[in-house]
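Below: the structure, in structure tokens.
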Amino acid sequence: MSVSVLGSGAFGTALAISLSGNGPVTLWTRNPDHAKAMQSDRENMKRLPGVPLPDGLSVTDSITDAAQNQTLLLAVPMQKLRSVLNEHCEFLAGKTVVACCKGIELNTGLGPIAVLREALPSAQPALLTGPSFADDIARGLPTALTLACNNAPLGKDLQQQLTTTNLRLYRTTDTIGAEQGGALKNVMAIACGAVIGAGLGDSARAALMTRGYAEMQRMAIACGAQPETLAGLSGFGDLTLTCSSNLSRNYRLGLSIGRGETFDPTITVEGAATARAAAAKADDMKIDMPITQTVTNLVSQRLTIADAVAQLLARPLKEE
Ligand SMILES: NC(=O)C1=CN([C@@H]2O[C@H](COP(=O)(O)OP(=O)(O)OC[C@H]3O[C@@H](n4cnc5c(N)ncnc54)[C@H](O)[C@@H]3O)[C@@H](O)[C@H]2O)C=CC1
Ligand SMILES: O=C(CO)COP(=O)(O)O
């Protein structure tokens, strides 16, 4: 069965490239000039340079054409998800919509599945998440991801449909765990980048990853997640990747904060808005999330890295 990928950023393009090994794939962009450029270059020079688009991948700027397929992967930034759904609701109604974004919506505190349910109640929602860099996927390197869907039979179908020669999908019905893990690991990646950027060392990073994971679990479990999900690809797996690789944009934002450098504001960094959303939610739910709160203050420049470290180290001693 053919699929369409809506959103021609790095991740959408990489998924479309990998999926085209299974059959025809349509990649949709909202930008007609970008569509023309990709059609003539057979490459997404803007977001994923250096990887050719396979023959089975067609590019369009027509949402009508892209929405002909029943399964639609939506690869846009989290804070844009609702507006994309609202703008194209007549074409997306009744479809299987697989959100491929990681984050928590700022104004509502909701994750991708909940936003899909609110904005497009007639759709069948699912989530594709887990440790994977677009470049790795596009280059055919082996990757394992989580396909989360509350509807178990549909999740099984999607797992079959979206597994490719280099993308191995595991499935879960715990959509809350999968979306919380994917969202919160980006916040921890900013924190880890900041300590490395500031020269505070690998031991400090290990401490942050571990205590960050404890925060992720506290929030996710309070929202209804199963603890095992957090220990899987979408939680621990993605935390490990994103907190330790220069390929991560979240980690690189952290590095620049730690080094006192500026960072290009046009780059998609999901953890910045998600930190704010998660910190506000943690306040409301009375959940202790000091690292998330610190990242919020670092990103908004209300705190220096030196003060951040001093504050975290001065917290009352407690049991692990
Ligand atoms: N790049 C990566 O390695 C990975 C990214 N992701 C997730 O995928 C999501 C998207 O990230 P990237 O593709 O990397 O970002 P990107 O910055 O490369 O691309 C974002 C794309 O969304 C499009 N877009 C933004 N607003 C839109 C709108 N209103 N209507 C239509 N299209 C719109 C942009 O034109 C752009 O093509 C994020 O949530 C990210 O966390 C997940 C795993 C890996
Ligand atoms: O989600 C990702 C890896 O799993 C990509 O990370 P960045 O968005 O930080 O680049």
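Quantities reported herein were computed from a predicted structural model and do not represent experimental measurements. Heavy-atom basis, side chains included; hydrogens, waters and symmetry copies ignored. Whatever order the structure lists them in is the order used to number ligands and atoms, beginning at 1.
Atom 14 (O) of ligand 1 has its closest protein heavy atom at Arg249 NH1, 2.7 Å. Among protein heavy atoms, atom 1 (O) of ligand 2 sits closest to Lys102 NZ, 2.7 Å. Shortest contact from atom 18 (O) of ligand 1 to any protein heavy atom: Ala10 N, 2.9 Å. The protein heavy-atom contact nearest to atom 3 (C) of ligand 2 is Ser132 O, 3.3 Å. Here the protein heavy atom with the shortest distance to atom 4 (O) of ligand 2 is Asp238 OD1, 2.6 Å. Nearest protein heavy-atom contact of atom 8 (O) of ligand 2 is Arg249 NH2, 3.0 Å.
Residues Ala123 and Val97 approach most closely at CB-CG2, 4.0 Å, considering heavy atoms. For the residue pair Gly271 and Asn250, the shortest heavy atom distance occurs at N-OD1, 2.8 Å. Contact detail for Gln70 and Gly94: the closest heavy-atom pair is NE2-O, 3.1 Å. Counting all heavy atoms, side chain and backbone alike, Ser234 lies closest to Gly177 at OG-O, 4.4 Å. For the pair Ser18 and Ile137, the tightest heavy-atom approach, listed with the atom from each and the gap, is CB-CG2, 3.8 Å.
With a 4.0 Å cut-off on non-hydrogen atoms, Ala14 does not touch ligand 1 at all. Of all the heavy atoms of Lys102, the ones lying under 4.0 Å from any atom of ligand 1 are found in both the backbone and the side chain. The residue Thr268 has no part lying near ligand 2, judged by heavy-atom distances below 4.0 Å. Looking at Ser248 against ligand 2, both its backbone and its side chain come within 4.0 Å, counting heavy atoms. At a 4.0 Å heavy-atom cut-off, ligand 2 touches Lys185 through the side chain alone.
Once rounded to the nearest 0.5 Å, the distance linking CG of Leu158 with SG of Cys149 reads 6.0 Å. We find the CG-OG distance between Asp238 and Ser132 to be 6.5 Å, quoted to the nearest 0.5 Å.
The pair Lys281-Asp284 fails the salt-bridge criterion, with no side-chain N (NZ, NE, NH1 or NH2) lying under 4.0 Å from an Asp/Glu carboxylate O. Contact check on Lys46 versus Asp33 returns no salt bridge, with no Lys/Arg side-chain nitrogen under 4.0 Å from an Asp/Glu carboxylate oxygen. The pair Arg30-Glu87 does not meet the salt-bridge criterion, since no charged nitrogen lies less than 4.0 angstrom from a carboxylate oxygen.
Checking only distances, Phe11 does come within under 3.5 Å of ligand 1, N or O to N or O. The shortest N or O to N or O distance between Trp28 and ligand 1 is not under 3.5 Å. The N/O atoms of Lys80, backbone and side chain alike, include none that comes under 3.5 Å of an N/O atom in ligand 1. Annotation: Glu270 places an N or O atom under 3.5 Å from an N or O atom of ligand 1; distance criterion only. Here's the thing with Asn250: one of its N/O atoms is less than 3.5 angstrom from an N/O atom of ligand 2. Note: no N/O pair closer than 3.5 Å links Tyr251 and ligand 2 by distance alone. Looking at Phe133 next to ligand 1, no N or O pair under 3.5 Å apart turns up. Residue Arg30 places at least one N or O, backbone or side chain, under 3.5 Å from an N or O of ligand 1. Taking only nitrogen or oxygen atoms, main chain and side chain alike, Gly9 reaches within less than 3.5 Å of ligand 1. For Gly130, no nitrogen or oxygen atom sits less than 3.5 Å from a nitrogen or oxygen atom of ligand 1, counting backbone and side chain alike. Annotation: Thr242 places no N or O atom under 3.5 Å from an N or O atom of ligand 2; distance criterion only. For a threshold of 3.5 Å applied to N or O pairs, the pair formed by Pro77 and ligand 1 contains no separation below that value.
Although no hydrogens or angles enter the test, the distance criterion places no donor-acceptor pair under 3.5 Å between the side chain of Glu105 and the main chain of Gly111. Without hydrogens or angle criteria, Thr242 side chain to Leu239 main chain gives no donor-acceptor distance under 3.5 Å.
Contact annotation: Ala134 has no heavy atom less than 4.0 Å from any atom of ligand 2. Note on ligand 1: Ser132 sits in its first shell, one or more heavy atoms being nearer than 4.0 Å. Contact analysis leaves Gly7 out of contact with ligand 1, as no non-hydrogen atom separation drops below 4.0 angstrom.
Near Cys101, with a cut-off below 4.0 Å to any heavy atom, the atoms of ligand 1 are 39 (O). Shown in contact with Pro131 at under 4.0 Å from a heavy atom are these atoms of ligand 2, numbered in order with element: 4 (O). Listed by number with element, the atoms of ligand 1 under 4.0 Å from a non-hydrogen atom of Arg47 are 16 (P), 17 (O), 18 (O), 36 (C). For ligand 2, the atoms closer than 4.0 angstrom to any heavy atom of Leu241 are 3 (C), 4 (O). Contact atoms of ligand 1 toward Ala134: 1 (N), 2 (C), 3 (O) (distance under 4.0 Å to a heavy atom of the residue). Every atom of ligand 2 is numbered from 1 in the order shown, and the set under 4.0 Å from a heavy atom of Gly130 is 4 (O).
Applying the 6.0 Å contact sphere to CZ of Arg82 captures more than 12 heavy atoms from other residues, nucleotides or ligands.
Looking at Leu241 and Phe133, their side chains come closer than 4.5 Å, going by heavy atoms from C-beta outward. At a threshold of 4.5 Å between non-hydrogen side-chain atoms, the residues Gln311 and Leu303 count as touching.
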Verdict with supporting geometry, Arg252 and Asp264, salt bridge (Lys or Arg N to Asp or Glu O under 4.0 Å)
CA-CA 10 Å; Arg252 289 204 306 272; Asp264 179 353; over 6 Å; no
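Note: the hydrophobic cluster containing Leu127 does not contain Leu110 (ILVMFWY, side chain heavy atoms under 4.5 Å, direct or indirect links).
When Leu184, Asp288, Ile104 are each tested for a side chain to side chain contact (heavy atoms under 4.5 Å, CB included) with Met219, only one passes: Leu184.
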